[in-house]
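The next block holds one structure in the form of structure tokens; read it before the comments.
Note that this is a predicted model, so its numbers are computed, not measured. Quick note on labels: first sequence line is chain A, next is B, and so on, each numbered from 1. Keep in mind that the numbers below use all heavy atoms, side chains included, and drop hydrogens, waters and symmetry copies.
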Amino acid sequence: MGLEFNEETFRGDFSFKNSPKAIKRFPFPFPEDSYMYSVNMEPHVPGPKGSVFEHTFDVDEHYVSEMRDRAMVLADDPLRCQSLPHMTLAGWDLLELIMESKARDYPHWFELHKNGNKWHWINRPLEIEQKFTFLDETTLPCGPLEYITRQTQGDFTLQDQRDNNLFIEAGMVTTQADWSLDFDIGMSFQEWHAPVPMAHELGVFDRALKFLLKLQLGAPVRRFNWTMTVDPLLDTSPENYPKWGPTKTTLTMDNIGRRQHLRVELQTLHRLPRSNAIAFPIRAYLISFQDLVTVPKWARRLHRVIRDVPEPLATYKGFLRNRPLMVEYLSQFDDGKPTSPGWWPEPE
Amino acid sequence: MSVGAPKIPVVVAEVVELNPLIKRFRFVRTDGKPMPTFSGGAHIVVEMDDNGTRRMNPYSLMSDPTDTSGFEISVRRDDAGRGGSLYMHNHVRPGMAMQVSHPVNLFGLDLRAKKHLLIAGGIGITPFIAQMTQLEHLGHRFELHYSVRSPELGAYADDLKSRYGDRVHIYYDNQKHMIPLAELLEGQPLGTHLYVCGPKGMIAWVLGSAEAAGWHPSTLHSEEFLAPPVGHAFEVELAASRKTITVGPAQSLLEAMEAAGVDAPYLCRGGACGQCETDVHRCDGSIEHNDHWLTPEQKASNTKIMPCVSRFHGATLVIDR
């Protein structure tokens with residue numbers, strides 16, 4: 001698989017690791033020393049070279065191993081990928097968006113050749129070559145959504161828009177922060193966000209929905225979300241809670257730096273052309289506390305954010321129990337100095 | 001500011017006069033990129049430079065949604081209107097450079113429907129032309145009922161009839177044809193969705209009859225773009241920009257703000273989408289609410305205004321822009 005991609009696991013021996021380059025480009029999500037829910041959306045325009053924003057869909061050193069992990073999750077539980085019948089067209093829209101973006105942004109890894117509706121797709125890292133007819137499901141080994149998201153990092157949901165609302169009616173969800181597509185499928189925007197504390201009272205969801213209903217073709221947006229995960233486990237699903245939930249009880253001062261990970265989701269939203277649906281890629285990035293504190297600004301700030309985050313939020317994100325330990329560990333790296341605004345590391 | 005998406009630079013490739021009232025325009029890109037595909041029912045906003053007056057009118061796309069070589073719209077001339085359609089008819093020629101927005105769909109098909117019942121009046125046919133092309137590609141079941149004044153003005157009747165056969169039903173007013181609405185509403189299979197586009201009275205008649213016949217509101221879809229109505233000139237204070245502007249008789253409040261260099265949000269410019277919704281700080285007088293967006297309660301409270309179509313008369317209006 002070449003030197004560009006890590007040989008690593010997200011289960012069992014957890015050999016996942018971030019290279020120095022991956023640490024440097026990690027999407028640290030806190031622009032200031034405190035955190036509260038907000039709509040925090042900005043245009044998803046290309047960012048600095050080398051950053052996770054450089055391209056529409058970021059492909060990094062974890063790509064091949066993440067795709068292998070996804071295939072294992074799907075083999076155990078095929079319901080992680082579902083698409084209601086009316087969402088097939090949106091699946092094709094997404095396939096087109098991803099193939100065109102990757103072929104444009106990473107031409108050495110991906111190629112897309114079109115002759116009318118006869119398409120030819122080459123994915124070198126995964127050693128896939130596929131000739132198929134666009135919009136003809138019988139020419140792919142599976143539906144268009146499943147086909148392309150088996151080759152793309154991050155979870156995906158597709159929202160149908162009708163009755164001034166959005167409905168989550170298709171998705172590929174194997175790297176989720178404790179929510180279930182099988183449980184949520186068919187729900188409206190308010191229904192699937194119902195469990196989130198505090199944000200409803202702040203009016204965040206009313207504003208976000210209003211914004212998204214007007215999301216325009218050609219003008220995608222992005223936001224961050226974050227949580228905490230013990231061990232670099234991508235599949236923190238409710239379906240598998242008995243397997244990973246108890247690991248929260250095994251953290252100690254000795255192992256927390258290695259095992260506790262900040263999990264950041266780069267969420268983007270794209271209006272899809274033919275279906276008028278909205279695609280919602282949720283790309284998870286993991287970084288261990290010990291790697292994160294190598295960036296002094298991030299170490300100071302994460303300590304302050306975790307220490308001060310409101311209790312309902314720490315509960316919802318599932319780390320209330322370990323907060324004191326996290327704060328104790330991180331406090332070693334916070335000398336009290338001020339931090340600069342924005343999430344980029346301080347200039348060296 | 002039209003939230004985000006860049007404008008598409010185009011050149012007019014073709015102008016076809018279909019009858020004394022309707023012209024069809026084809027736009028192709030000048031930057032060599034393909035046009036975006038779109039969903040049936042979408043519209044674009046066409047920007048016109050009418051001797052220094054910037055006009056921006058929404059028009060439904062009627063070309064094949066999968067055709068990335070160009071966009072087509074049809075424009076009905078409105079002699080009593082503010083001038084956008086007259087400009088399109090009298091001044092727009094092949095070869096002219098213009099700008100259009102990315103497609104926006106406020107009249108989307110519900111792809112869960114078992115059947116799509118399409119009801120068009122006059123120039124309201126245009127979004128359905130794109131929708132039918134898309135439905136045909138998808139293999140969905142549909143039926144069109146198209147009411148138009150006369151065979152001379154029935155721009156696309158023959159063409160649609162030849163393309164879709166007995167799924168297309170034409171009604172000519174001057175031959176006393178009437179859409180048999182009551183019968184249509186009674187005879188549909190379960191899971192049918194109804195779509196109507198046309199004059200205000202027709203939309204009200206179709207939606208009112210369907211609701212009275214027990215159709216669920218979520219199965220009813222309509223689109224009516226309002227042209228900003230003309231009226232008396234009025235003054236508005238823009239609190240955030242610290243400007244006081246005068247809105248001319250044939251100008252909309254949104255256009256007056258833009259002319260004054262104020263960057264105000266918009267999308268449809270026809271009172272339908274809600275993007276330009278603006279808080280009212282003070283209102284000594286009355287707002288003439290012409291939009292389809294605000295609720296009756298919001299309209300009565302005079303705390304919000306839709307600058308794309310609504311006007312004011314009275315002593316003072318201060319808005320948050």
Side-chain angles (χ1 to χ4, degrees), chain A residues 41-45 83-93 95-97 100 104 114 116-117 133-137 158-167 169-170 186 188 206-207 209-222 268-278, chain B residues 1-8 33-45 61 64-68 101-114 130-131 133-135 137-140 191 193 216-221 265-268 272-277 293 295:
Chain A
M41 282 191 269
E42 61 173 15
H44 186 43
V45 291
S83 177
L84 300 187
H86 63 285
M87 298 303 283
T88 305
L89 185 62
W92 284 110
D93 275 332
L95 175 139
E96 178 187 48
L97 175 68
E100 287 189 340
R104 177 191 65 225
K114 293 183 187 177
N117 274 350
T133 306
F134 187 68
L135 297 177
D136 180 355
E137 269 191 285
L158 299 177
Q159 277 72 232
D160 192 28
Q161 179 161 336
R162 54 177 191 267
D163 309 335
N164 267 320
N165 210 328
L166 296 170
F167 297 85
E169 290 179 332
S188 70
D206 293 337
R207 285 203 302 278
L209 176 60
K210 221 168 164 174
F211 179 87
L212 292 176
L213 291 173
K214 303 289 149 47
L215 185 69
Q216 274 192 280
L217 192 58
V221 296
R222 65 182 171 228
T268 56
L269 291 135
H270 309 254
R271 173 70 65 191
L272 298 175
R274 294 173 183 75
S275 58
N276 202 37
I278 289 180
Chain B
M1 181 188 71
S2 76
V3 214
K7 298 280 165 55
I8 301 175
K33 295 181 191 164
M35 279 292 188
T37 51
F38 61 94
S39 48
H43 71 270
I44 52 172
V45 172
L61 287 168
D64 180 343
T66 63
D67 178 4
T68 56
S101 72
H102 273 73
V104 171
N105 200 338
L106 303 173
F107 189 47
L109 292 164
D110 190 324
L111 295 179
R112 299 171 307 164
K114 300 282 181 263
Q131 287 184 336
T133 307
Q134 188 169 26
L135 289 169
H137 282 319
L138 292 169
H140 280 226
H193 278 240
H216 192 272
S218 68
T219 62
L220 303 175
H221 312 269
Y266 71 86
L267 214 49
C268 78
C273 79
Q275 188 68 30
C276 69
E277 180 182 310
W293 175 255
T295 62

B:P103 versus chain A, the contacting section by heavy-atom distance below 4.5 Å: both
Audit row: B:C273, A:K214, side-chain contact (heavy atoms from CB on, under 4.5 Å) steps and yes/no: CA-CA 8 Å; B:C273 79; A:K214 303 289 149 47; 4.1 Å; yes
Greatest number of heavy atom pairs closer than 4.5 Å to chain B - which of A:V221, A:N164, A:L84, A:D163: A:D163
Heavy-atom neighbours of B:K114 NZ exceed 12 at 6.0 Å: no
Pair A:L135-B:H137, side-chain contact (heavy atoms from CB on, under 4.5 Å): steps then yes or no: CA-CA 10 Å; A:L135 297 177; B:H137 282 319; over 6 Å; no
Under 3.5 Å, which donor-acceptor pairs do the side chains of residues 270-277 of chain A form with other protein atoms, sequence neighbours left out?
| from | atom 1 | to | atom 2 | distance (Å) |
| --- | --- | --- | --- | --- |
| A:H270 | NE2 | A:T268 | OG1 | 3.0 |
| A:R271 | NE | A:L215 | O | 2.8 |
| A:R271 | NH1 | A:Q161 | OE1 | 2.7 |
| A:R271 | NH1 | A:N276 | O | 2.8 |
| A:R271 | NH2 | A:Q161 | OE1 | 2.9 |
| A:R271 | NH2 | A:L212 | O | 3.3 |
| A:R271 | NH2 | A:L213 | O | 3.1 |
| A:R271 | NH2 | A:L215 | O | 3.2 |
| A:R274 | NH1 | A:D93 | OD1 | 3.1 |
| A:R274 | NH1 | A:E96 | OE1 | 2.8 |
| A:R274 | NH2 | A:E96 | OE2 | 3.3 |
| A:S275 | OG | A:D93 | OD2 | 2.7 |
| A:S275 | OG | A:A277 | N | 3.2 |

Interchain contact, B:N105 with chain A, by part (heavy-atom threshold 4.5 Å): both
Counterpart residues, salt bridge (charged side-chain N to carboxylate O under 4.0 Å, His left out), relative to B:D67 (two or more places apart): B:R26
Lys/Arg N to Asp/Glu carboxylate O, B:E277 vs A:K210, below 4.0 Å: yes
Inter-residue atom distance B:S39.OG - A:L217.CG, 0.5 Å rounding: 8.5 Å
Choice from B:L111, B:L138, B:L109 maximising heavy atom contacts with chain A below 4.5 Å: B:L111
Max heavy-atom pair count under 4.5 Å with chain A, selected residue of B:Q134, B:H140, B:H221: B:Q134
Shortest non-hydrogen contact between A:G218 and B:P6, atoms and distance: O-CD, 4.0 Å
Reported CD-to-CD distance for the pair B:Q275 and A:Q216, which is rounded to 0.5 angstrom: 7.5 Å
Separation of A:F134 CZ from B:T66 OG1 (nearest 0.5 Å): 10.0 Å
